[in-house]
Amino acid sequence: MDQDSRKLFGGAIEASIPSRFIDVSDFRPVPDHQEVFSDEAAGQSIIIEIVEYSKTGEECPARFYFKDLAAMNGAIEWEETSESEELAVSDSVPRLGGSGLVPAATRVFCVKGAMLVDKKRSHHAEGHRYRVQIVLGVIRLPDKETDVLLSLNTPSEEPPERGYSLFLEILASFHIADWGLFG
C-alpha cells in the first residue's frame, strides 16, 4: 500500500496515511483540533482528533469515546463488535516519542464496532441509511491532560480485518514530533 508520511497539526504530529486518502481540509473547513482524510472511492475516512483528557471514561476510554462518536453521528443503532482492549504502547505506537521518551503514564486503547447512520445528516442523498465499521483508538496522555483519538470508518461490506489492519499500520506510524502541541 502506497503510504505518505503526513504532517498533522502544523507538523507537531506525523503519521503514515495511504496516498489514496485526501486531506478534507483542502475542500471544506475542518476544526483545528481535527485532521480528516477521505478516500471517497473506497468510502473510508480517517479522523485524528485531539481532545481534553476525560476522566469520565477512565476505565474504558475507547468505549466512552465510541459511544460519544455514535451520539455525535446521530447513529440510529450502534454496537461494539469487540471488547475494548488496551494495547501495549511499545508495540502499538513504537514511534510515538521518536528518539524522546514517551511519558510513563501513556496508555493506548482500541475498540471495533459498527454504526447505522443516515446520510441525510451529511451532504449525500437524503434518507439513505448505511452501516459503517469503525475502529477507534485512544492514545491517553494524562501528563499532558490530552487524549488523541484515531478513528477509521469503513463501509460494512468490506471485511473487518481490512480496516483493522490499516488502522494498526497508521497507529504504528504515529509520531509526536513536538510535545509542545499539548501545552
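Throughout, numbering of the chain's residues begins at 1 and tracks the sequence. Worth knowing before you read on, the calculation uses all heavy atoms, side chains too, and leaves out hydrogens, waters and symmetry mates. Not measured: the values here are computed from a predicted model.
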Tell me whether Arg20 contacts the main-chain N or O of Glu40 through its side chain, where contact means a donor paired with an acceptor under 3.5 Å. no
Heavy-atom closest contact (Phe182 atom, Thr146 atom, distance): CD2-CG2, 3.6 Å
Provide the closest heavy-atom pair for Asp143 versus Ala104 in the form atom of the first, atom of the second, distance. OD2-N, 4.5 Å
Could you walk me through whether Asp118 and Ile76 pass side chain to side chain contact (heavy atoms under 4.5 Å, CB included), step by step? CA-CA 8 Å; Asp118 194 335; Ile76 300 158; 4.0 Å; yes
At their closest point, which heavy atom of Ala62 faces which heavy atom of Cys110, and how far apart are they? CB-C, 3.8 Å
Sequence neighbours excluded, the answer for salt bridge (charged side-chain N to carboxylate O under 4.0 Å, His left out) partners of Glu83 is Arg63
Shared ILVMFWY cluster between Tyr164 and Ile47, side chains joined below 4.5 angstrom? no
Nearest-0.5 Å distance that lies between atom CD in Glu169 and atom CD1 in Ile17: 12.0 Å
Indicate the atoms forming the closest heavy-atom contact of Tyr65 with Val51, along with that distance. OH-CG2, 3.6 Å
Rounded to the nearest 0.5 Å, how far does CD of Glu35 lie from CD of Glu49? 11.0 Å
Heavy-atom donor-acceptor pair, Gln133 side chain to Lys112 backbone, under 3.5 Å: no
Asn73 side chain to Ala75 backbone, donor-acceptor under 3.5 Å: no
Under the ring pair (Phe, Tyr, Trp, His ring centres under 6.0 Å) rule, collect the residues that match up with Phe66, sequence neighbours excluded. Trp78
For the residue pair Ser173 and Ser16, what are the closest heavy atoms and their distance? OG-N, 2.7 Å
Taking Asp4 for the side chain and Arg6 for the main chain, is one N or O donor matched with an acceptor at less than 3.5 Å? no
Can you name the nearest heavy-atom pair linking Arg107 to Val89, along with the distance? CA-CG2, 4.0 Å
Please tell me if the side chains of Ile13 and Phe174 come closer than 4.5 Å, counting only heavy atoms from C-beta onward. yes
